[in-house]
Asker: 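One structure, pasted below without further comment.
Note that ligands are numbered from 1 as they come in the structure, with each ligand's atoms numbered from 1 the same way.
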Amino acid sequence: MRLISTRNGASASSISEAIRVGLAGDGGLFIPDTFPEGQLSGLSVQTSLKETALALFEPFFKGDQLESVLPELVEETYDFDVPLVNPHPGRPGVFALELFHGPTGAFKDVGARFLLRCLDKLGDPSAPFTVLAATSGDTGGAVGCAAEGRKGVRAVILYAKGRISAFQERQLTCWNAPVTALEVDGDFDACQRMVKAAFAERALSERHNLTSANSINIARLLPQAAYMAWAARQAYEKNGVKPGLIIPTGNLGHGVAAIWARHMGAPWGPIVLATNANRTLADWSISGRYEPRASIATLANAMDVGAPSNFERLNALPDDAARLSVELVEDRAIRARIKADFERSGYVWCPHSATAAEALSRMREFDLHARPWVIAATAHPYKFADVVEPLIGQTLEPSEALAEVLGRPTQSESCGADLDALRHHLNALNETA
Ligand SMILES: N[C@@H](CCOP(=O)(O)O)C(=O)O
């Protein structure tokens, strides 16, 4: 399989190269020239998540230098539960795919663990990769955690000052070498622009061996596509009807991973993207025009994205593969959904997952009962205790892994919201190395 750019025809010589560089030379995102077919057809409800991942990865990694270590990478990536639970006992056709049982309590753990392990295998400790991660809250923590203690990489996390939850900030700034956290005086889109500008400056990129840990990197998307393929099969087998998926969406990496999984044969029916009040995708779904706008701060802060990077990948798909709908959920509705579902069944959503639960509640009765529905539950509610606890009137308990973070010292450096400021920090890292 060839990996080509979403833009002007650049391509990668192998998946390892695509992972190493993160972004294609023309600034586009890597996509397969043709999607493999039939990889998922032999899988059954008994096929484990790890087996599903190996089957899905096979055509991407065939003949690649990482092919022989894939079983080890898969074993380590998926070493926590990804349960499909029923959040409302009175509604047996509704499921939550709980993606927050990893070390940092967000679905980002899966992709970050896989990507950082790939890079560590490919990296040279005497000239490690510098892995840049722009974050609106959850990616940074997952990348920091996955990078800690590695020799072939160093991670530089750019986070938007004042735009993340207190726990997320702690979780971005608590990792030991080789992790550096930069508190950027700007929003997530500014962080993302700085990262892309750094890649575009060839000398800078080569000097630091830059790559990306955001979902622009294909090694973030594939492991997400794998659990989406596995979950579709599980839900499908429950009553033989293709389930619908509702997925909270910001930078669109998770949504595209699910759409890729369906395009490669995972038995998903309709896919609904739930967004917060950042309306770029909702407007596009109505007007057909993609018009990035400045992001606004919401309760579902990890989705505060005005220019979703993976739109390019969505746009590169044939129309029938990319079919989806978008539901916009404002803060008021997020609050009300967390409260209502807790009162109804005791289930607690994080503000991001609550956008998807709210989208489900707005569905017409006919669509709701026509098939099972899976809500992607993307983050542990404890990470947003300041929002969630007053709504449910109870104290939330952290998971063991999240509690561990509370005991760690934290450290970050201030950074301006432009390339010069980032360049300064990167050069300083080289001087202290
Ligand atoms: N939701 C993100 C924003 C970055 O998205 P990514 O999936 O491209 O890393 C976050 O939590 O930082």
Side-chain angles (χ1 to χ4, degrees), residues 22-23 29-30 99-100 102 104-116 131-147 155-161 163-165 167-173 181-184 186-196 199 211-225 227-228 247-260 273-276 278 280-281 292 295 297-314 350-353 355-356 376 378-380 383-384:
L23 206 59
L29 276 58
F30 286 113
L99 298 163
F100 53 73
T104 70
F107 76 94
K108 311 277 182 172
D109 278 324
V110 177
R113 286 159 76 82
F114 184 74
L115 168 63
L116 268 294
V131 188
L132 299 181
T135 186
S136 52
D138 286 334
T139 294
V143 169
C145 176
V156 177
I157 299 165
L158 290 78
Y159 69 97
K161 181 178 178 177
R163 301 279 291 253
I164 58 179
S165 80
F167 186 83
Q168 282 174 320
E169 179 156 20
R170 165 161 283 283
Q171 209 178 32
L172 289 172
T173 54
L182 301 180
E183 183 186 42
V184 174
D187 60 13
F188 168 74
D189 294 304
C191 297
Q192 187 148 258
R193 269 196 307 275
M194 288 161 72
V195 167
K196 288 182 179 170
F199 289 134
T211 187
S212 166
N214 283 105
S215 56
I216 54 180
N217 197 312
I218 193 162
R220 276 278 312 280
L221 252 64
L222 294 178
Q224 294 173 179
Y227 64 64
M228 284 300 176
I247 186 160
T249 302
N251 215 17
L252 201 43
H254 211 187
V256 166
I259 289 164
W260 278 14
L273 305 179
T275 76
N276 60 20
N278 285 282
T280 305
L281 291 172
S295 65
T298 75
L299 295 176
N301 63 273
M303 289 150 59
D304 290 347
V305 181
S309 276
N310 282 281
F311 185 80
E312 288 195 43
R313 284 191 171 119
L314 184 65
C350 84
H352 309 78
S353 313
T355 63
T378 49
H380 196 292
K383 296 180 76 163
F384 310 93

Asker: Going by heavy atoms, is Gly137 under 4.0 Å from ligand 1?
Answerer: yes

Asker: Heavy-atom distances under 4.0 Å decide this one: backbone, side chain, both or neither, for Asn251 against ligand 1?
Answerer: side chain

Asker: Mark yes or no for whether Ser165, through its side chain, and Lys383, through its backbone, hold a donor-acceptor pair below 3.5 Å.
Answerer: yes

Asker: Do Asn217 and Ser212 pair up side chain to side chain, a donor and an acceptor below 3.5 Å, judged on atom types alone?
Answerer: no

Asker: Hey, is Met303 touching ligand 1 through its side chain, its backbone, both or neither, going by heavy atoms under 4.0 Å?
Answerer: neither

Asker: Please state which option from Gln168, His352, Gln192, Lys108 has its nearest heavy atom closest to atom 5 (O) of ligand 1.
Answerer: Lys108

Asker: Can you sort out which atoms of ligand 1 are near Arg220, meaning under 4.0 Å from one of its heavy atoms?
Answerer: 6 (P), 7 (O), 9 (O)

Asker: Would you say ligand 1 has an N or O under 3.5 Å from any N or O of Asn214?
Answerer: yes

Asker: Which atoms from ligand 1 have a heavy atom of Phe188 less than 4.0 Å away?
Answerer: 3 (C), 4 (C)

Asker: Do the side chain of Thr173 and the main chain of Glu169 share a donor and acceptor less than 3.5 angstrom apart?
Answerer: yes

Asker: Just to verify, which of Gln168, Lys108, His352 counts as forming a side chain to side chain donor-acceptor pair (under 3.5 Å) with Asp138?
Answerer: Gln168

Asker: Between the side chains of Ser309 and Lys196, is a donor N or O closer than 3.5 angstrom to an acceptor N or O?
Answerer: yes

Asker: Checking Thr249 side chain against Ile247 main chain: does a donor-acceptor pair fall under 3.5 Å?
Answerer: yes

Asker: Would you check if the side chain of Asp187 reaches a backbone N or O of Asp189 as a donor-acceptor pair within less than 3.5 Å?
Answerer: yes

Asker: Which protein non-hydrogen atom lies closest to atom 8 (O) of ligand 1, naming both residue and atom, and how far is it?
Answerer: Ser215 OG, 2.6 Å

Asker: If the cut-off is 4.0 Å to any non-hydrogen atom of Thr135, which atoms of ligand 1 fall inside it?
Answerer: 10 (C), 11 (O), 12 (O)

Asker: With atoms numbered from 1 as shown, which atoms in ligand 1 lie under 4.0 angstrom from a non-hydrogen atom of Thr139?
Answerer: 2 (C), 4 (C), 5 (O), 6 (P), 7 (O), 9 (O), 10 (C), 11 (O), 12 (O)

Asker: Test your reading of the model: is there a side-chain donor-acceptor pair from Arg220 to the backbone of His254, 3.5 Å cut-off?
Answerer: no

Asker: Between the side chains of Asp304 and Thr298, does any donor sit under 3.5 Å from an acceptor?
Answerer: yes

Asker: Is Ala302 near ligand 1, meaning one of its heavy atoms is under 4.0 Å from it?
Answerer: yes

Asker: Which heavy atom of the protein is the closest neighbour of atom 3 (C) of ligand 1, given with residue, atom name and distance?
Answerer: Ser136 OG, 3.1 Å

Asker: Give the residue, atom name and distance (to 0.1 Å) of the protein heavy atom nearest atom 11 (O) of ligand 1.
Answerer: Asp138 N, 2.7 Å

Asker: Using a 4.0 Å heavy-atom cut-off, which part of His254 comes near ligand 1: side chain, backbone, both, or neither?
Answerer: neither

